[in-house]
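Below: the structure, in structure tokens.
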Amino acid sequence: MKKSVISVIGSTATGKSDLAVHLAKLFKGEVINADSMQVYKGLDVITNKISESDKRGVNHHLMSFLDRDKEYAIPHFMADSTSLINSMAENDILPVVAGGTHYYIHHLLFANKLIKNESPASRSLPDVPSPSYVDIISVLSENDQKLAMKLPEINEADYDASDERGVPLYARLHSILSQIDPPAASRWHIRDFRKVKRSLEIIWEHGKRRSDIENEQKAQQDDSLLQTRYKNLVFWVYTDPEVLSKRLERRVEKMTEQGLLNEIEEMRALENEFRVGGEQDYTRGIFQAIGYKEFDAYFKATNSQDRDVAFKNGLELMKIATRQYATKQLKWIQNKLIPEILAHQESAQKVGNPSSVYVYMVDSSDISQWDERVTKPASEILEKFLKDDTLPDPRSYSETANKLFAKQSLQAVSNAERGYRKVICEVCTTDPHNPVMLGEGLEYENHLRSKAHKAKTRPKATRPSDAEIARLRALKNR
């Protein structure tokens, strides 16, 4: 029998931590952190860690344990979280996984999501590639082959460096991947440097294309239930985007009262200590945290007046970045995680098996209704889940849930049919090296109906000729 695991997902500031603690407290559970920034020691304000008092005595794992000069990635999380889940199961403790790094939870829910040996250590590639790699890149131009053979030397900090033709490095790598592994390239945005480079590294190491390895993995999954490691219940804590935007603004302002500036200065000292030379890479490790790079101008200011202005501007940039991150989290849930869960449920149903992943949305838009709309329904559903009782229709809890799950069902069908491929909107693309790329199917169709796209397709108004103006005036004066 599969072990039961509860997951709590949602955008930042929706109340994931509060719900996780409530459920763990009620059902003899402990919380496993799934936030990639909260694994680091200290920096509690900038990483939005739950306070000791708000933990209410519930044990929290994978939080505040990692030295700040280290990196933590999916393979680390998978190894640590699965070990914890196994240990908890042996002691009759319910694992409650909660956090905003949703691809952590995505990989925990579904098996065979990782390529073998896909870990941060594998970024230090062997000096010599697999013999098959040389064969695979032989279709490339001479210049592209030279670049492909320099793969271990390519750093993310140089991703936008241009060659003599003005083509950025990220565009060249995406072009190379498009030629040697089109299915993999079609899934990544042209600027998604890490995923593009990692897809090339897989070929370098294994001598196989990423798409071929993933097809082999899928071929091994004859039983839909083999796709999941555990019996999963997922709670999606949803907040109306307009409400959330105001809540996020208040959160950032509150962080300044809690010592945000002190932590920013602490991180700056840390950066100076760890940086060997050149510019700091803000896409790696703890320095990815929202609320640090936004204050770069503050540290470069030379007088108190300029620092005050830079700090205020940094706060505004932090608010913008936080809203953007919340939107990105929501899109991941809506476009990837929930559709895959629904597709799994449909797959299990087709072969006559019960699903091993259940998902419910609880609405935290109105904090005054928290108990009625969040903790009460979640507790009732979890109790039924643990007793193996028949679970209610997830759309039955609210009108919002009904609308969102109907939309996600359409997205699931779209993803299943098209395999998460991305397409370019030629109309909206103004820079070929930074195209507007969207998921093929529903996301692209919604884009075509958007005001921004329609504005670009609308015929431009033309000024009438002088003769036509004179004719119209003559008619008017009759």
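Just so we're clear, the structure is a prediction, and the values are computed from it rather than from any experiment. We count residues from 1, following the sequence as given.
The backbone N or O of K70 sits nowhere less than 3.5 Å from a side-chain atom of D67 that would complete a donor-acceptor pair. Judged by distance alone, the side chain of T429 and the main-chain N or O of E426 form no donor-acceptor pair under 3.5 Å. In this structure, the side chain of N86 engages the main chain of T82 through a donor-acceptor pair within 3.5 Å. Side-chain atoms of R229 do not come within 3.5 Å of backbone N or O of K3 as any donor-acceptor pair. Side-chain atoms of Q288 come within 3.5 Å of backbone N or O of G285 as a donor-acceptor pair. Under the 3.5 Å distance criterion, the side-chain polar atoms of S83 are left unmatched by any main-chain donor or acceptor of D80. Side chain of D366 to backbone of S368: a donor-acceptor contact under 3.5 angstrom is found. The backbone N or O of A184 sits nowhere less than 3.5 Å from a side-chain atom of R209 that would complete a donor-acceptor pair. A donor-acceptor pair under 3.5 Å is formed between the side chain of N33 and the backbone N or O of L62. No donor-acceptor pair closer than 3.5 Å links the side chain of E205 to the backbone N or O of S130.
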Show your working on side chain to side chain contact (heavy atoms under 4.5 Å, CB included) between M255 and V45 and close with a plain yes or no. CA-CA 6 Å; M255 289 169 72; V45 176; 3.9 Å; yes
Worked check of side chain to side chain contact (heavy atoms under 4.5 Å, CB included) between V21 and H60: CA-CA 9 Å; V21 168; H60 280 61; 3.8 Å; yes
Apply salt bridge (charged side-chain N to carboxylate O under 4.0 Å, His left out) to the pair R210 and E201, showing each step before the final yes or no. CA-CA 9 Å; R210 183 185 196 118; E201 289 173 346; over 6 Å; no
Stepwise salt bridge (charged side-chain N to carboxylate O under 4.0 Å, His left out) test for K246 and E242: CA-CA 7 Å; K246 295 175 183 177; E242 288 188 14; 5.9 Å; no
Could you go through the salt bridge (charged side-chain N to carboxylate O under 4.0 Å, His left out) check for K55 and E52 one step at a time? CA-CA 5 Å; K55 288 180 183 178; E52 287 300 320; 3.0 Å; yes
Set out, in order, the CA-CA distance, both residues' side-chain angles and the distance that settles side chain to side chain contact (heavy atoms under 4.5 Å, CB included) for W236 and L337, then state yes or no. CA-CA 10 Å; W236 172 15; L337 185 55; over 6 Å; no
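Cation-pi geometry between K384 and Y358 is not met: the NZ or CZ atom fails to fall both under 6.0 Å from the ring centre and inside 45° of the normal. Stacking of R68 on the aromatic ring of Y40 is not recorded, the 6.0 Å distance cut-off and the 45° axial limit not both being met.
A donor atom on one side chain and an acceptor atom on the other are found under 3.5 Å apart for T239 and S364. A donor and an acceptor atom, one from each side chain of S132 and D135, are nowhere located under 3.5 Å apart. For the residue pair T228 / H344, no side-chain donor-acceptor distance below 3.5 Å is found, with atom types taken as modelled. Inspection of the Y397 and R373 side chains reveals no N or O donor paired with an N or O acceptor under 3.5 Å. No hydrogens or angles considered: a donor-acceptor pair under 3.5 Å links the side chains of H61 and E30. Side chain to side chain, S51 and S53 meet the donor-acceptor criterion of an N or O pair below 3.5 Å. For the 3.5 Å distance criterion, the side chains of S211 and D181 qualify, holding a donor opposite an acceptor.
At a threshold of 4.5 Å between non-hydrogen side-chain atoms, the residues Y230 and P95 do not count as touching. Under the 4.5 Å side-chain criterion, counting only non-hydrogen atoms from C-beta, L438 is in contact with V436. Considering only heavy atoms from C-beta on, E71 stays 4.5 Å or farther from I286 through its side chain. Contact check for C428 versus H447: side-chain heavy atoms found under the 4.5 Å cut-off. Taking the side chain as every heavy atom from C-beta outward, L404 and T400 approach each other to under 4.5 Å. V8 has its side chain out of reach of V97: every pair of non-hydrogen atoms, C-beta onward, lies at least 4.5 Å apart. No side-chain heavy atom of I338 sits under 4.5 Å from any side-chain heavy atom of M361. The shortest distance between side-chain heavy atoms of K197 and I154 falls below 4.5 Å.
W188 and S199 get closest at one heavy-atom pair: NE1-OG, 3.1 Å. The shortest heavy-atom contact between W370 and L19 is CZ2-N, 4.0 Å. Across all their heavy atoms, I136 and G207 have their closest contact at CD1-O, 3.9 Å. Residues S365 and R247 share a closest heavy-atom pair of O-NH2, 3.3 Å. Residues K16 and V237 share a closest heavy-atom pair of CA-CG2, 4.4 Å. Of all heavy-atom pairs between H189 and H174, the closest is O-CD2, 3.9 Å.
Salt-bridge check for E253 with R250: failed, with every basic side-chain N at 4.0 Å or more from each acidic carboxylate O. Note on E316 versus K319: salt bridge recorded, some NZ/NE/NH1/NH2 to OD/OE distance being below 4.0 Å. Salt-bridge check for D389 with K387: failed, with every basic side-chain N at 4.0 Å or more from each acidic carboxylate O.
Between Y104 and F77, the gap from one ring centroid to the other is short of 6.0 Å.
To the nearest 0.5 Å, atom SG of residue C425 and atom CG of residue L448 are 6.5 Å apart. Between K195 atom NZ and L173 atom CG the span is 16.0 Å, to the nearest 0.5 Å. Within the model, atoms CD1 of I74 and NE2 of H106 stand 10.0 Å from one another, a figure rounded to the nearest 0.5 Å. To the nearest 0.5 Å, atom CG of residue N232 and atom CD1 of residue I341 are 8.0 Å apart. From N91, atom CG reaches atom NZ of K28 across 7.5 Å, with rounding to the nearest 0.5 Å. With rounding to the nearest 0.5 angstrom, the NZ atom of K331 is 7.0 Å from the OG1 atom of T327.
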